[in-house]
**Student:** 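Shown below is the structure under consideration.
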Amino acid sequence: MATLSKNRHLGGGVFMYDVDIHRSSDYSTPNFSSLSSSQISQEYISRFIQRVPSFGVKRDGYWSTVHGERVEKYISEHLFGVRNTGAPGLILGTLSQWYPKFGILDLDDKSAWIELPKIQESFGLSLEQSSIVFETSENSYHILFRPEYNGKPATVRLLHEILGPYAKNHKVELYPQSTRIVRAPYHAGCKIKRTYQNKIDNLGNFLIAFDNLFPLELKSFDIQKRIDKKLIPKKNQFMSLPTKGVMKEGYELYIHGLQEPNSRYSSQHKVAMYLWRQNVSPEMALNELMSWLVSKNNGYSKDASSIANGDNRTLSQVTKEHVALVDHIWNNFEKFTVYPDSTHNSHNGWYTKKDIETAIKHSGGNVPRFKFLAKLLAYFNSRKKLRLSVHRNNLASWSSAATYLKHIEYFENNGILTRENSYLASEFAKTIKLHINPSMSDVSEGFHDDFSRALSLQESLDELGRKKVYDMLVQNDFTKQQAYQYVESLVLV
């Protein structure tokens, strides 16, 4: 439990709560100390830096935009200082992902330190594991938090639609943004001023502290009260499903440009899909599509040549095409809660053969229970913990609002999990402790496509094949008839 102490007076009659969290060992966390420096740097990049199409580098007080280079070239100096001495060197900056994993409130004023507690309280970030505060330079502070909407990842557009007016009212900047770079959190030149952890003295501890932050539920600030419907895409709803084919083609086209005449329409769709899968925001995708067409048409597009020669009519026509294309892809996938690769993996998790076997073993011969438990294991996999606060909407999405409690009760009665009485983070999040072990694997060890996007449960079962799934069932005390019926109900042709 958290113990709060009013032990620091900040002026103006306002107290800042320092929070001392005494964690049970049940809150298992990734063992970052066992990772190499390059591996832990990748963990940092995956959370805080958008690689494509560009990122920022600040050196000697000036920002520049870096396009087409690997961020790994700069990451060591950003995190650990010049030649790993801790002396501040360059600073990396990032544009927002379409689904950002973090939010920042930027306070930049002489009175910022005095106003900071009031700002945190106004945004619901004052108590417990809600935020980490950095001093980025003299009289400048960043309040770092994790945004969600109704227990799901939130787009940068939704983040700014909801919190933007609050930020403007309090005269603070809200980041990340689609077209303005913000310095990535935790670099050699910053100081951590407030955290619920007793001590953050290395990158691994910082990543653990960030991952354990309670999400800021944007829905509680949403005056529009959006209706959150679960929509299921019809078969062939989109030209290309995220896990099928276009990623490799889109990447090759993005890097090398058009490959033949009369291919612009199909090629720009594949490039747009690649950018979507890379979690690029719609605004940046539009800029990148036009830049790509003009610079990498390889002489195969008359429209690109006309645009390069200053033909504004053609520019307007192609821009409208790109706007329609980006709106179609980004809005439809958002509507059906289909996420870009990094968001999909981190939110939904992934499946291994071991996890599927475990779910079958403990499902009691019931197909809906098997699916629910498999998705629960996948969810815990991506977070590498045995005890988590899980939003009610996630539980319902793995079965239905009418049945998920029945599944939880069954698994609780059979010793598979414990549902704790206390709510964490919000009234909609319930703490669940597993008594069986997920594989705790990396996504590369689970079922995934050529670009490490985790396959869905159905796709994973298809990858295993009917025979292997059948054998798993028979080995777990199913009769052959039961196993056959089970496979028929689970695996699509």
Side-chain angles (χ1 to χ4, degrees), residues 50 52-53 94-103 146-164 174-179 215-244 246-247 250 268-289 320-349 375 379 382 391 393-394 396-398 428 449 451 453-456 459:
Q50 173 63 14
V52 179
T94 184
L95 296 167
S96 181
Q97 297 180 323
W98 179 221
Y99 288 90
K101 293 182 176 67
F102 70 94
R146 293 201 304 118
E148 283 188 355
Y149 189 89
N150 220 10
K152 301 175 186 174
T155 65
V156 62
R157 181 182 296 164
L158 189 59
L159 172 68
H160 282 267
E161 283 180 2
I162 293 175
L163 289 190
L174 176 63
Y175 289 97
Q177 299 180 14
S178 295
T179 56
L216 178 65
E217 180 51 74
L218 298 180
K219 189 173 183 180
S220 62
F221 294 85
D222 188 7
I223 58 176
Q224 294 187 33
K225 301 301 179 188
R226 293 164 174 80
I227 299 175
D228 189 30
K229 295 181 178 179
K230 182 181 179 182
L231 300 176
I232 308 297
K234 298 177 182 178
K235 193 173 183 180
N236 300 323
Q237 176 81 34
F238 308 111
M239 289 177 64
S240 302
L241 293 174
T243 55
K244 303 294 183 182
V246 298
M247 183 67 166
Q268 69 190 17
H269 180 275
K270 292 169 184 174
V271 170
M273 281 291 296
Y274 168 76
L275 294 173
W276 175 83
R277 285 191 61 170
Q278 290 295 305
N279 215 357
V280 175
S281 69
E283 293 81 3
M284 290 308 300
L286 286 173
N287 293 339
E288 196 65 8
L289 275 174
K320 288 179 181 177
E321 287 178 15
H322 288 175
V323 168
L325 175 61
V326 168
D327 282 349
H328 172 74
I329 294 173
W330 270 253
N331 291 341
N332 270 313
F333 281 131
E334 181 187 5
K335 184 191 304 180
F336 294 107
T337 60
V338 179
Y339 300 118
D341 292 12
S342 59
T343 307
H344 165 76
N345 290 350
S346 62
H347 180 66
N348 294 321
K375 292 174 182 179
Y379 187 86
S382 65
H391 199 285
N393 288 341
N394 290 324
S397 71
W398 299 334
F428 300 108
D449 69 5
F451 282 79
R453 180 186 177 91
L455 300 184
S456 68
E459 290 168 327

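The basis for the numbers below is simple: all heavy atoms, side chains too, and nothing from hydrogens, waters or symmetry mates.
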**Student:** For a quick test of reading the model, state the closest non-hydrogen atom pair linking Met284 to Ser178 and the distance between them.
**Tutor:** CG-O, 3.1 Å
**Student:** Is the closest side-chain heavy-atom distance between Val280 and Glu288 below 4.5 Å?
**Tutor:** no
**Student:** State, yes or no, whether a side-chain contact exists between Leu275 and Trp98 at a heavy-atom distance under 4.5 Å.
**Tutor:** no
**Student:** Between atom NE2 of His269 and atom CD of Glu321, what is the distance when rounded to the nearest 0.5 Å?
**Tutor:** 13.0 Å
**Student:** Heavy atoms, side chains only, cut-off 4.5 Å: are Tyr274 and Lys270 in contact?
**Tutor:**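 No, their side chains stay 4.5 Å or more apart.
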**Student:** What is the distance from atom OG of Ser96 to atom CG of Asn279, rounded to the nearest 0.5 Å?
**Tutor:**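 Rounded to the nearest 0.5 Å, the OG-CG separation comes to 8.0 Å.
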**Student:** So does His347 get a backbone contact from the side chain of Ser382, meaning a donor-acceptor N/O pair under 3.5 Å?
**Tutor:**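 No.
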**Student:** Can you give me the closest heavy-atom contact between Gly250 and Val271, atom names plus distance?
**Tutor:** O-CG2, 4.1 Å
**Student:** Side chains of Glu334 and Tyr99: does their closest heavy-atom pair fall under 4.5 Å?
**Tutor:**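 With C-beta onward as the side chain, the pair touches.
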**Student:** Any side-chain heavy-atom pair from Pro176 and Gln50 closer than 4.5 angstrom?
**Tutor:** no
**Student:** State which residues pass side-chain contact (heavy atoms from CB on, under 4.5 Å) with Ala272; sequence neighbours excluded, sorted by chain then number.
**Tutor:**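 Ala272: side-chain contact (heavy atoms from CB on, under 4.5 Å) contacts with Leu289, Leu325, Ile329, Trp330.
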**Student:** Any donor and acceptor pair, going by atom type alone, linking the side chain of Asn393 with main-chain N or O of Asn150 inside 3.5 Å?
**Tutor:** yes
**Student:** For the residue pair Leu174 and Leu163, what are the closest heavy atoms and their distance?
**Tutor:**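 Where Leu174 meets Leu163 most closely, the heavy atoms are CD2-CB, 3.7 Å.
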**Student:** I need the Ser281 OG to Trp276 CH2 distance, nearest 0.5 Å.
**Tutor:**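 So the OG of Ser281 and the CH2 of Trp276 are separated by 14.0 Å.
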**Student:** Less than 4.5 Å apart, any side-chain heavy atom of Arg157 and any of Pro282?
**Tutor:**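 With C-beta onward as the side chain, the pair touches.
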**Student:** Tell me whether Glu161 contacts the main-chain N or O of Asp222 through its side chain, where contact means a donor paired with an acceptor under 3.5 Å.
**Tutor:** no
**Student:** Show the nearest heavy-atom pair for residues Ala454 and Asn345, with the distance to one decimal.
**Tutor:** N-OD1, 2.9 Å
**Student:** List the atom of Ser220, the atom of Glu217, and the distance in Å for their closest heavy-atom pair.
**Tutor:** OG-O, 2.7 Å
**Student:** Is it the case that His160 and Gln177 place a side-chain donor and acceptor less than 3.5 Å from each other?
**Tutor:** no
**Student:** Rounded to the nearest 0.5 Å, what separation is found between the CZ atom of Phe102 and the CZ atom of Arg146?
**Tutor:** 13.0 Å
**Student:** Any sub-3.5 Å donor-acceptor pair from Asp341's side-chain atoms to Arg453's backbone N or O?
**Tutor:**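 Checked: no pair found.
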**Student:** Contact between Phe333 and Met273 at the side-chain level, heavy atoms closer than 4.5 Å - yes or no?
**Tutor:**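 They are in side-chain contact.
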**Student:** For the OH atom of Tyr379 and the CG atom of Asn394, what is their distance to the nearest 0.5 Å?
**Tutor:**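 It is 4.5 Å, given to the nearest 0.5 Å.
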**Student:** Working to the nearest 0.5 Å, report the span between NE2 of His391 and CD of Glu148.
**Tutor:** 7.0 Å
